[in-house]
Amino acid sequence: MSDAGPVLEVADLVKHFAIRGASWFGRRAQVHAVDGVSFSLARGETLALVGESGSGKSTVGRMIVGLTKPTSGSVRLAGTRIDDLDRAAMRAHRRHLQLVFQDPYASLNPRMTAAELIGEPLANFGMRARGERRVRAAEILRRVGLSPDYLDRLPHEFSGGQRQRLGIARALALQPRVIVCDEPVSALDVSVQAQVINLLADLQAEFGLSYLFIAHDLAVVRHISDRTAVMYLGRLVEVAPTRRLFAAPRHPYTRALLASVPVPDPGVPRMRAPVEGEVPSAVAPPPGCRFHTRCPDARSECRRVAPPLEAVGPGHFLACHVHGAAKPAMIVGGD
Amino acid sequence: MTAPALQIIDLAVDLVSRDGNVRAVDGISFDLAAGETLALVGESGCGKSITALSILRLVPDPPARIHATALRFAGQDLLTMPEDALRKLRGNRISMIFQEPMTSLNPVLSIGRQITETLREHRNLGRQQARDEAMALLRLVRIPDPARRLDQYPFELSGGMRQRVMIAMAVACRPDVLIADEPTTALDVTVQAQILDLLLDLQRRIGTAVILVTHDLAVVAQTAQRVLVMYAGRIVEEAPVQALFARPGHPYTLGLLAAMPHLAAPHSDGVRGRLAELAGTVPVLDRPAPGCSFAARCVWAVERCHDERPRLAEVASMHRVACWRADDVARGRA
């Protein structure tokens, strides 16, 4: 694999799910879970993918690791297209691309010990000797902050935070280049969450890992990511370096999202909820800009034409008719 | 000062099993003033939800056994009150909302039926009156198109709408006390902001006292007047919200605040800052230590902390901390 260029690239990723049984006028209703998402991930970078439920962020993650087949679009790992590979061909690439789930309890086989859970991917990729796998598993356990004494324990014998460490250990076993972390700390208590976030940062520095960090907690995202991509109803609305996005958000949805986060300081007066309503159904997403039904700044153009994601600054991309690059005076038909 | 809406003295809850007793909640005492918002905050397993549920005796016995020196509401003893008298209070003068409204709404009854049932039970309204009142309540919690919603079922509503329905039912009888157990935890952040607005507005309008049970210190900072921090079944710190954030007194509170990533924290240049970790995990309750339950994780702990349990002691007006080294912590922090 080449080291030049992005380690991961997705282009125009689309996923429509057919709804079972539903058929209107002979046409099956579809959930537009993801509708044209493109981004790239550099080596050693953390890109956060944020959005509320139904934004499609997890579906993007699942398509990248091959758990969900895209309707269209492509996924490239270090330049090689992997979304259209069959299982056998995918296997070779799979080791470079791992997934860490939100709930390690649901993702770890309850009947396998820590040694077996970490050893399984090693065995799958050619480490035949059981003793060798055990030694390696012990090394990895130690690296994620768990004692090798835990090798023979079952998942239920670990606490929530330890289980997430185990999930990370399993993902690390094959020395991947990219780890897709799907809400990896959402189920953890604050004190344990800090431990896992620090661990992820340490591992990244040590192994040059790239993370796609899927999350809804903006304070965590701000802390851990280099760049942030904001999704709403299956589309990216804004992508920017994290510092810039949090300091100067441009999209009305990004602004609303940031303003909704409660501030842990009783001296800061609470702001009223910045947006009304909830995310519309992805079965019949609104035409034009998908946020227009809740957007305080929406104009008629927003209701008709989907705004493209365009550069508005260095590394800063925005999909908005109203707050886009210096052209507010040119908008016609505004009301 | 007016009499407290709720007075709890020395509440303890045992969970009884074949393997023995586990004391899940121990020595909890607090008053809830009329109209105030009191937050009960802590991590999973600290006993905050059991404390809240015990007030209305909603923890099933067995396995739970509730003990208390006093559990008083408006001069009545909730602990010894017969079940049918208690049922008249629940949902009427003291009501509750939960984290996941889907599990507390009846899935096979329409929204309208569920709200009118409460109204007819507690307020003796006729069928049409109850329906009109239910409409008014849905309007009060800002549910659009309330007439249509009345005939819908819980599964037809979004999570935010379901939580609004729960709130409508909880405030239907203008309760004196509203116990909200993680009311916004399952909701998206933009919807959480809306629901918090709604709760605070209704509280101002009705004058209800609120016990907010939550793990989220940011939500606490923005909604509560007074805070109880719980750890391993006990209150470790009690303070007005301003004091808690400005001058946290218990090492656990300090640790929690430091471990939280913060939207407004200064962004370090170059190397990403590390979050302060609280080492270890919450202790197992079936082997209680004789000393402070936090001692094993505490950077301030000395020998005494492992041997002898500290009681809540005043460090400032209305600010109490259960820590042998509270004075040193206060100096060290400053």
Side-chain angles (χ1 to χ4, degrees), chain A residues 46 51-55 159-162 185 187-199 201-202 204-205 216-226 242-243 246-247 253 256-279 281 294, chain B residues 42-46 142 144 158-161 184 187-198 200 215-225 227 240-246 252 255-265 267 271-282 297:
Chain A
T46 300
E52 298 181 284
S53 27
S55 63
S159 71
Q162 289 174 332
V185 297
L188 305 177
D189 279 319
V190 187
S191 68
V192 179
Q193 174 180 296
Q195 298 169 9
V196 173
I197 289 173
N198 286 341
L199 173 65
D202 292 345
Q204 177 167 52
H216 70 277
D217 185 329
L218 293 162
V220 169
V221 161
R222 179 180 183 272
H223 180 82
I224 203 168
S225 67
D226 303 303
T242 298
R243 292 182 64 162
F246 283 75
Y253 178 63
L257 209 52
L258 288 173
S260 297
V261 180
V263 184
D265 179 353
V268 176
R270 210 181 97 72
M271 282 208 279
R272 303 282 308 178
V275 281
E276 291 289 314
E278 293 176 45
V279 182
S281 161
R294 301 169 76 196
Chain B
E43 298 182 287
S44 29
C46 73
R142 295 178 219 138
S158 68
M161 284 298 157
T184 59
L187 303 176
D188 279 322
V189 65
T190 59
V191 181
Q192 163 170 285
Q194 297 166 10
I195 297 293
L196 291 177
D197 279 353
L198 177 64
L200 296 175
H215 70 284
D216 189 334
L217 281 161
V219 169
V220 169
Q222 303 256 277
T223 55
Q225 285 141 16
V227 188
V241 69
Q242 301 279 357
L244 188 89
F245 283 83
Y252 176 61
L256 272 187
L257 288 170
M260 249 170 77
H262 198 308
L263 264 195
H267 229 139
V271 180
R272 192 172 295 130
R274 290 177 70 79
L275 293 171
E277 293 181 17
L278 250 173
T281 50
V282 175
R297 301 174 73 186

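Below, chain A is the first sequence line, B the second, and so on; all start at residue 1.
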Quick one, B:L275 with A:Q195, criterion side chain to side chain contact (heavy atoms under 4.5 Å, CB included). Give me CA distance, side-chain angles, the key distance, then yes/no. CA-CA 8 Å; B:L275 293 171; A:Q195 298 169 9; over 6 Å; no
When heavy-atom pairs shorter than 4.5 Å are enumerated against chain A, which of B:L278, B:T223, B:V189 gives the highest number? B:V189
Taking atom OG of A:S260 and atom CG of B:D197, what is their separation to the nearest 0.5 Å? 9.5 Å
Region of A:S159 in contact with chain B, defined by heavy-atom distances below 4.5 Å: side chain
Pick one of side chain, backbone, both or neither for B:Q192, based on which atoms fall under 4.5 Å of a heavy atom in chain A. side chain
Mind checking the CG-CG spacing from B:L257 to A:D265? Nearest 0.5 Å is all I need. 10.5 Å
Between B:D188 (side chain only) and A:E52 (backbone N and O only), is there a donor and an acceptor less than 3.5 Å apart? no
Among A:V261, A:D217, A:L258, A:V192, residue most engaged with chain B (heavy-atom pairs, under 4.5 Å): A:V261
Just by modelled atom types, is the A:Q193 backbone N or O under 3.5 Å from a matching donor or acceptor in the B:E277 side chain? no
Keeping the roles fixed (side chain from A:D189, backbone from B:S44), state whether a donor-acceptor pair exists under 3.5 Å. yes
Polar side chain donor-acceptor pair, B:E43 to A:S191, under 3.5 angstrom: yes
Identify the two heavy atoms, one from B:T190 and one from A:R294, that lie closest to each other, and give their separation to 0.1 Å. OG1-NH2, 3.2 Å
Non-hydrogen atoms of B:R274 and A:D202 that approach each other most closely: NH1-OD1, 2.6 Å
Under 4.5 Å to a heavy atom of chain A? For B:L196 that would be both
Look only at the side chain of A:E278 and the backbone of B:V191, and say whether a donor-acceptor pair between them is shorter than 3.5 Å. no
Go through the atoms of A:L257 and report whether side chain, backbone, both or neither lie under 4.5 Å from a heavy atom of chain B. both
Given heavy-atom pairs under 4.5 angstrom as the criterion, report whether the side chain, backbone, both or neither of B:A276 touches chain A. backbone
Looking at A:A273, A:G277, A:P266, which one has more heavy-atom pairs under 4.5 Å with chain B than the rest? A:P266
Need one label for B:A224: side chain, backbone, both or neither, based on atoms under 4.5 Å from any heavy atom in chain A. neither
